[in-house]
There are 2 protein chains.
Amino acid sequence: MNEIFLDQRSCQSCPIRHRAVCSKCEPDELQMLDRIKYYRHYDPGQPVVWAGDEMDFVASVVAGIATLSQTLEDGRTQMVGLLLPSDFLGRPGRVTAPYDVTATSALTLCCFRRKPFEKMLVETPSISQRLLEMTLDELDAARQWMLILGRKTAREKIASLLTIIAQREAALQRRAPTNGSSFELPLTREAMADYLGLTLETVSRQISALKRAGIIELEGKRFVTVPDFAALMDETGDDSDGGLPV
Amino acid sequence: MNEIFLDQRSCQSCPIRHRAVCSKCEPDELQMLDRIKYYRHYDPGQPVVWAGDEMDFVASVVAGIATLSQTLEDGRTQMVGLLLPSDFLGRPGRVTAPYDVTATSALTLCCFRRKPFEKMLVETPSISQRLLEMTLDELDAARQWMLILGRKTAREKIASLLTIIAQREAALQRRAPTNGSSFELPLTREAMADYLGLTLETVSRQISALKRAGIIELEGKRFVTVPDFAALMDETGDDSDGGLPV
DNA sequence: TTCCGCTCTTGATCAGGATCAAGGCGGCTC
DNA sequence: GAGCCGCCTTGATCCTGATCAAGAGCGGAA
């Protein structure tokens with residue numbers, strides 16, 4: 001893990017900078033951010049922080065993917081969050097991490113030291129309002145996952161996960177998912193299972209089933225093409241109006 | 001549903017008032033709140049708002065219990081939130097409700113008209129910071145539920161729900177749950193099933209099983225006594241360190 | 001009082017996904 | 001190339017919780 005301090009213009013995808021601070025273009029806020037901000041890089045599979053550890057920073061994801069997960073006594077684990085670029089990690093006011101955070105691909109975090117960040121939060125209402133908005137979006141996503149975990153069949157769960165990944169990948173490029181669009185699954189079968197509350201065997205079987213049904217096409221094990229996006233949505237069991245705004 | 005406008009001191013349990021505004025004791029903020037604030041009462045079982053409906057207010061729960069739930073195409077429903085007194089309902093900036101909200105007991109909401117509330121939010125950073133804190137707590141609770149829904153057995157789910165209800169009831173009275181403490185289940189078996197991703201038959205069976213095992217005692221169908229709180233916690237499957245801070 | 005309706009309990013059977021097990025496919029190092 | 005390892009697929013069997021079904025308990029209304 002490396003720490004690289006940033007010059008003033010180098011962080012392109014950080015939502016704090018771009019959506020909250022830059023929108024105001026207050027020069028001294030920018031300078032203050034630059035004094036407390038730095039990058040960290042993690043290799044695939046590397047833990048970022050374990051639940052219960054002290055976290056002296058908050059961060060936003062610049063590149064790569066991280067997962068949040070929780071574990072029961074006997075080792076059963078459940079993933080509870082998926083952090084893609086522009087997502088925020090850490091919580092103002094909380095010192096210990098509540099979840100295990102793991103890099104599932106090469107991960108770059110744009111970090112802010114906790115104390116100055118909290119000070120900035122108090123002094124810059126636009127940032128805490130932006131943070132509130134992002135947190136509310138995360139809460140909606142978590143509740144959508146509760147529906148998936150509690151009430152959907154294995155097949156519906158897989159279709160839902162594929163839909164969500166396709167939508168988020170598309171959203172990063174500021175477009176809607178289209179027929180024929182492809183993407184790379186950022187998760188192993190096991191990680192998908194941890195996310196969906198299934199076993200990896202069931203995940204594998206259901207992906208094969210969706211492939212056999214022509215809902216998706218697979219190139220290798222990870223590269224997915226969706227010939228008809230509406231057909232995939234039909235498999236999710238969701239109300240056809242598309243559910244929550246994402 | 002009645003609307004009753006409030007005088008300046010009548011809302012005792014509203015977190016906005018007490019934790020954000022009153023702590024500062026800014027007289028004009030208080031007055032502004034009083035101009036935009038009013039009560040609504042709902043009978044048990046009455047819907048507060050349906051998903052997709054326009055919501056012209058945000059509110060905090062003063063008394064009673066409300067549930068948030070989502071429904072799939074074919075009618076399967078999943079509860080995704082449980083609102084107890086002091087919890088917040090509604091989201092600044094969002095006009096349509098994302099979930100069905102239902103009163104499960106006689107419910108009193110302390111409402112704020114949306115527009116003035118949002119104006120106040122911009123002008124009063126302490127409130128949006130308080131709201132951020134509450135939202136982060138809700139997010140943690142939602143993620144704890146994801147673990148329950150995804151990885152726990154029926155028996156562990158029931159034990160977890162009882163634990164959570166006991167803890168929240170105790171927290172409202174600012175104390176920790178103790179051995180021998182009792183509480184009234186605020187939910188029907190069906191509502192518990194909707195919360196846990198089970199059927200009502202399974203809920204009933206598991207409650208009977210916990211009773212037979214001496215983990216809980218039942219008086220009637222709703223009144224629960226926990227002779228040994230640690231024994232109940234043991235049934236949840238959670239790590240013994242108690243999980244998330246509540 | 002009787003009847004009705006709602007909630008809950010319990011039993012019998014079924015099925016979806018877990019578990020156990022074996023093997024395939026790349027990619028890697030030696 | 002051979003061997004190994006991580007990831008994935010597929011098959012056989014098992015088990016937990018769903019489903020279908022019947023009836024108990026209880027409160028409210030006529």
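In what follows, chains are A, B, ... by sequence order, proteins preceding strands, each numbered from 1. The basis for the numbers below is simple: all heavy atoms, side chains too, and nothing from hydrogens, waters or symmetry mates.
- Of the candidates C/dA18, C/dC8, D/dC8, the closest approach to any side-chain atom of A/Leu198 belongs to C/dA18.
- The distance from atom CD1 of B/Ile207 to atom P of C/dT7 is 15 Å, rounded to the nearest whole Å.
- Side chain of A/Arg189, nearest nucleotide from D/dT9, C/dC8, C/dG17: D/dT9.
- In this structure, the CZ atom of A/Arg205 is 19 Å from the P atom of D/dC7, given to the nearest Å.
- Counting any heavy atom pair closer than 4.0 Å across all strands shown, A/Thr199 reaches a base atom.
- Residue contacts shown for A/Thr188 are limited to sugar-phosphate atoms, with no base heavy atom under 4.0 Å away.
- More than 12 heavy atoms of other residues, nucleotides or ligands lie within 6.0 Å of CD in B/Glu169, so this atom counts as buried by the packing criterion.
- Which of D/dC8, C/dT9, C/dC8 sits closest to the side chain of A/Arg222 comes down to D/dC8.
- Side chain B/Glu190 to base C/dC6: no donor-acceptor pair is found below 3.5 Å.
- Within residues 151-164 of chain B, no residue places a heavy atom under 4.0 Å from DNA chain C.
- B/Leu210 places its CG atom 12 Å from the P atom of C/dT9, with the value rounded to the nearest Å.
- Using a 4.0 Å heavy-atom distance criterion, B/Leu200 is classed as a base contact.
- The distance from atom CG of A/Asp194 to atom P of C/dA18 is 12 Å, rounded to the nearest whole Å.
- Rounded to whole angstrom, the span from the NZ atom of B/Lys211 across to the C1' atom of C/dT10 amounts to 12 Å.
- No hydrogens or angles considered: a donor-acceptor pair under 3.5 Å links the side chains of B/Trp145 and B/Tyr195.
- In this entry the distance linking NZ of B/Lys221 with P of C/dT7 reads 12 Å, nearest Å.
- Across all strands, B/Gly45 comes closer than 4.0 Å to no nucleic acid atom at all (heavy-atom distances).
- Taking the ring axis of A/Phe183 as reference, the NZ or CZ atom of A/Arg222 does not stay both within 45° of it and closer than 6.0 Å to the ring centre.
- Pairing each heavy atom of A/Met55 with each of A/Ala97, the nearest pair is SD-CB, 3.7 Å.
- Considering every non-hydrogen atom in both B/Ile65 and B/Pro186, the closest pair reads CD1-CB, 3.0 Å.
- For C/dT10, one of the phosphate oxygens OP1 or OP2 lies less than 4.0 angstrom from a side-chain nitrogen or oxygen of B/Ser208.
- Between A/Leu72 and B/Arg151, the shortest heavy-atom contact is CD1-O, 4.0 Å.
- Counting non-hydrogen atoms of other residues, nucleotides and ligands closer than 6.0 Å to CD of B/Glu201 gives a total above 12.
- For B/Glu201, whose side chain is taken as the heavy atoms from C-beta onward, the closest listed nucleotide among D/dA21, D/dT9, C/dG17 is D/dA21.
- Take the nearest nucleotide of DNA chain C for A/Thr202 and for B/Leu187: the residue whose nucleotide is more 5' is B/Leu187.
- Taking atom CZ of residue A/Arg76 and atom P of nucleotide C/dG17, one finds them 18 Å apart after rounding to whole Å.
- Rounded to an integer number of Å, the gap from CG of B/Leu149 to P of D/dG17 is 13 Å.
- A side-chain donor-acceptor contact under 3.5 Å links A/Thr202 and A/Thr199.
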